[in-house]
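Worksheet: one structure, shown below.
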Amino acid sequence: MEHHQERSDHRSQDLPQVLVIKPPPVLTLFEDKFISSKFQLLKAWESTLPLDQFLTNYAGSVRAVLCSGASPITADIIRLLPSLQLVITASAGVNHIDLTECRRLGIAVTNAAGVFSDDGADAAVGLLIDVLRKVSAADRYVRNGLWPAKGDYALGSKLGGKRVGVVGLGGFGSAVAKRLEAFGCTVLYNSRTQKPSVPYPFYSTVLELAADSDSLIICCGLTAETRHMINREVLLVLGKQGVIVNIARGAIINEKEMVECLVRGEIGGAGLDVFENEPNVPEELFGLDNVVLSPHRVVFTPESFVAASELVVGNLEAFFSNKPLLSPVIYE
């Protein structure tokens, strides 16, 4: 039995190591999914060494790193890992990875691709319905005993027939559009490039899209170009009945300007799962019944986390077996 254990430990020591600086949520919740015969995890967060010293100790052996928003892969981190060949994230977004530096050094990057698209799309439409139909606000009205005291609650607005602008028509945006169609909405979209294969009207700027929409749903990634893309000008043309939904990244919206527009009644409402300075949320939003707030969780379900775990492991096993990666991020 002891010999078997020794052999097992020896085999484990021979496995290539995948650096994890801080555990992403998928690893925290489903660590058993990351057991593999192709690699083992190198858990930097369990070490008492300063991070730079820890990375220096393993600089020659680490070829792959699993990261998350809590452990960004910056140019400084990459510099400490001269053997790095692969950066993997279990999220769809890659704004926490220095893609420019990875591209310059020929380091491959993979993400969770479309794993979260369906759950994210469900949640985006759910937030829109919640704001329009006042679901959360009406729930508070009942729980606070206001129904018998103040009478019938204010009417909500229907979703069917609305013109909904989708910002970013990738996998996530397309899943949102499909659901909106089922509700009888007219879908419009803005994207980096027009998609010849889709039937929806294309708008070359978000300003033009907002001017022609009743609601906007943000489905694009956060980049230097999209940061604060949704600003006061865009929100004002969306208008006093307009609703904005964001479950992509908080900084795509200029949060300060959005809060001002909401407080002044210059837009109709918002459904927000992401914020610029998480976990800090502007307190001005707390008292607004036309705003639905969520703690950056709506795209996550046990099912999507298991799928993300399997995709991460699949990418790592492919990498260490010299096979094509399952979900490479294509540099543009």
Side-chain angles (χ1 to χ4, degrees), residues 67-69 72-75 87 89 91-103 109 111-114 116-117 120-121 123-124 127-128 164-177 180 187-195 198 200-213 215-238 242-262 267 270-278 281-282 294 296 298-299 327 329-332:
C67 69
S68 68
I73 301 303
T74 62
V87 176
T89 180
S91 65
V94 291
N95 56 291
H96 52 287
I97 301 169
D98 190 329
L99 294 179
T100 302
E101 192 69 359
C102 287
R103 176 170 48 196
V109 178
N111 66 349
F116 298 108
S117 292
L127 282 172
L128 180 58
V164 184
V166 177
V167 181
L169 202 69
F172 175 28
S174 297
V176 169
L180 292 170
V187 177
L188 328 167
Y189 80 100
N190 160 262
S191 209
R192 279 174 300 189
T193 56
Q194 187 169 1
K195 317 279 184 183
V198 304
Y200 319 123
F202 170 72
Y203 291 74
S204 57
T205 70
V206 289
L207 188 63
E208 294 170 326
L209 179 69
D212 214 13
S213 299
S215 300
L216 285 183
I217 299 182
I218 311 301
C219 299
C220 61
L222 176 61
T223 65
E225 292 73 32
T226 63
R227 180 176 294 274
H228 285 189
M229 177 172 65
I230 308 298
N231 55 20
R232 176 174 174 78
E233 186 181 12
V234 172
L235 294 169
L236 288 180
V237 299
L238 183 60
V243 172
I244 189 155
V245 170
N246 189 9
I247 64 171
R249 286 292 184 270
I252 295 169
I253 299 177
N254 184 319
E255 190 168 87
K256 182 174 182 291
E257 294 182 355
M258 177 190 65
V259 169
E260 289 173 354
C261 287
L262 285 163
I267 59 172
L272 307 169
D273 180 56
V274 289
F275 306 88
E276 277 205 59
N277 186 30
E278 295 173 1
V281 176
S294 173
H296 200 152
V298 295
V299 306
S327 59
V329 172
I330 307 301
Y331 296 118
E332 295 183 1

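Residue numbers count from 1 along this sequence.
Relative orientation of the Y189 and Y200 rings is perpendicular, given thresholds of 30° and 60° on the angle between their planes.
Of the possible polar contacts, one joining the T226 side chain to the T223 backbone as a donor-acceptor pair under 3.5 Å is found. Side-chain atoms of Q194 do not come within 3.5 Å of backbone N or O of F202 as any donor-acceptor pair. N190 places a side-chain N or O within 3.5 Å of a backbone atom of Y203 that can act as its donor or acceptor partner. Listed for the T205 side chain is a donor-acceptor partner under 3.5 Å among the backbone atoms of E208. Checked by atom type and distance alone, the side chain of S68 never pairs as donor or acceptor with a backbone atom of S91 at under 3.5 Å.
In this structure, the separation between OG on S204 and CG on L209 is 10.0 Å, given to the nearest 0.5 Å. Here T89 contributes atom OG1 and I73 contributes atom CD1; the two are 9.0 Å apart, rounded to the nearest 0.5 Å. Here D212 contributes atom CG and L238 contributes atom CG; the two are 11.0 Å apart, rounded to the nearest 0.5 Å. Separating the CD1 atom in I252 from the CG atom in N246 is a distance of 5.5 Å, to the nearest 0.5 Å. The line from CD1 of I244 to CG of L128 is 11.0 Å long, rounded to the nearest 0.5 Å.
Contacts of F172 classified as ring-ring contact (aromatic ring centres under 6.0 Å, His included), with partners at least two apart in sequence or in another chain: none. Among residues two or more places apart in sequence or in another chain, the side chain to side chain donor-acceptor pair (under 3.5 Å) test is passed with E278 by H296. By the side-chain contact (heavy atoms from CB on, under 4.5 Å) test, R232 is found to be paired with L236, E257, C261, R264, E266, residues two or more places apart in sequence or in another chain being considered. Every residue two or more places apart in sequence or in another chain was checked for a side-chain contact (heavy atoms from CB on, under 4.5 Å) with A92, and none qualifies. The side-chain contact (heavy atoms from CB on, under 4.5 Å) check on S327 picks up T110, N111, A113, L311, N315, with sequence neighbours excluded. Checked against side-chain contact (heavy atoms from CB on, under 4.5 Å), A211 has the following partners two or more places apart in sequence or in another chain: V237. With sequence neighbours excluded, no residue forms a salt bridge (charged side-chain N to carboxylate O under 4.0 Å, His left out) with K195. The side chain to side chain donor-acceptor pair (under 3.5 Å) test applied to S117 returns no partner, not counting sequence neighbours. Partners of E260 according to the salt bridge (charged side-chain N to carboxylate O under 4.0 Å, His left out) rule, which considers only residues two or more places apart in sequence or in another chain, are K256. In this structure, the side chain to side chain donor-acceptor pair (under 3.5 Å) partners of E101, at least two apart in sequence or on a different chain, are R104. Under the side chain to side chain donor-acceptor pair (under 3.5 Å) criterion, S191 pairs with no residue at all, not counting sequence neighbours.
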I would like to know whether L272 and M258 meet side chain to side chain contact (heavy atoms under 4.5 Å, CB included); could you show each step before the answer?
-> CA-CA 11 Å; L272 307 169; M258 177 190 65; 3.5 Å; yes
Please step through side chain to side chain contact (heavy atoms under 4.5 Å, CB included) for the pair I267 and L262, ending with a clear verdict.
-> CA-CA 6 Å; I267 59 172; L262 285 163; 3.6 Å; yes
Go through the steps to decide whether L180 and V166 satisfy the test side chain to side chain contact (heavy atoms under 4.5 Å, CB included), and finish with yes or no.
-> CA-CA 10 Å; L180 292 170; V166 177; 4.1 Å; yes
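Taking every heavy atom of both residues into account, A124 and I217 meet most closely at CB-CG2, 4.0 Å. For the pair E276 and H228, the tightest heavy-atom approach, listed with the atom from each and the gap, is OE2-NE2, 3.0 Å. Between V234 and M229 the shortest heavy-atom distance is CG2-O, 3.8 Å. Closest non-hydrogen pair, S213 versus L188, comes out as OG-CD1, 3.3 Å. Considering every non-hydrogen atom in both R249 and G93, the closest pair reads NH2-CA, 3.8 Å. Of all heavy-atom pairs between V298 and I247, the closest is CG2-CG2, 3.6 Å.
Counting heavy atoms from C-beta outward, V245 and S215 have side chains that stay 4.5 Å or more apart. When side chains are defined from C-beta on, L222 counts as touching R227, because their heavy atoms get closer than 4.5 Å.
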